[in-house]
Amino acid sequence: MAHLARNMKDLIKVLIVFTICTCVFYFALRLVHEEYERQHRYDPPGGSAVKVYQPVEQQWTDRLSIFFRLGE
């Protein structure tokens with residue numbers, strides 16, 4: 001009986017340590033997430049930036065042909 005009680009005591013210790021470590025890890029991830037949320041990722045670029053992509057209007061038949069040929 002004493003062996004069972006000692007095993008239960010050890011199990012409870014492990015569960016408590018696991019729970020504490022999990023909570024610390026969770027709150028650390030939340031802090032990192034909040035820090036990155038404050039950054040403005042989509043600000044317009046400064047300086048002499050040039051827009052690279054300019055969509056070209058195509059007929060739908062041409063797009064369909066490209067779709068079938070290339071599998072896009």
Side-chain angles (χ1 to χ4, degrees):
M1 189 69 175
H3 184 66
L4 179 64
R6 187 177 49 190
N7 284 343
M8 289 300 289
K9 185 178 174 183
D10 289 341
L11 178 66
I12 290 172
K13 285 181 188 178
V14 169
L15 287 176
I16 289 172
V17 169
F18 177 77
T19 303
I20 290 171
C21 289
T22 302
C23 290
V24 168
F25 182 70
Y26 172 74
F27 286 112
L29 284 178
R30 284 183 51 133
L31 287 174
V32 170
H33 176 72
E34 288 175 11
E35 184 65 32
Y36 280 106
E37 280 292 313
R38 290 187 210 136
Q39 291 182 354
H40 299 286
R41 296 181 291 178
Y42 302 113
D43 287 343
S48 60
V50 177
K51 187 173 184 176
V52 177
Y53 177 72
Q54 295 176 354
V56 177
E57 291 296 323
Q58 293 180 341
Q59 298 259 342
W60 68 272
T61 54
D62 293 337
R63 284 297 303 157
L64 188 62
S65 172
I66 290 171
F67 175 77
F68 285 129
R69 275 187 293 150
L70 302 178
E72 289 183 350

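These values consider heavy atoms only, across backbone and side chains, with no hydrogens, waters or symmetry-generated copies. Just so we're clear, the structure is a prediction, and the values are computed from it rather than from any experiment. Nothing fancy with the numbering, it's 1 onward along the sequence.
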**Message:** Membership question, hydrophobic clusters at under 4.5 Å side-chain separation (ILVMFWY): are Ile16 and Met8 in the same one?
**Reply:** no

Examine Phe67 and Trp60 and state if one hydrophobic cluster contains both, with Ile, Leu, Val, Met, Phe, Trp and Tyr joined whenever side-chain heavy atoms are less than 4.5 Å apart.
yes

Interatomic distance, CZ@Arg69 vs CG@Leu64, rounded to 0.5 Å, equals 10.5 Å

NE2 of His33 to CZ of Arg38, rounded to nearest 0.5 Å, is 11.0 Å

Rounded to the nearest 0.5 Å, the CD1 atom of Ile66 sits from the OG1 atom of Thr61 at a distance of 10.0 Å

Backbone of Phe18 reached by a side-chain donor or acceptor of Thr22 within 3.5 Å:
yes

dist Phe25:CZ -> Cys21:SG (nearest 0.5 Å) comes out at 11.0 Å

Count the heavy atoms belonging to other residues, nucleotides or ligands that lie under 6.0 Å from CD of Gln59, then report whether that count exceeds 12.
no

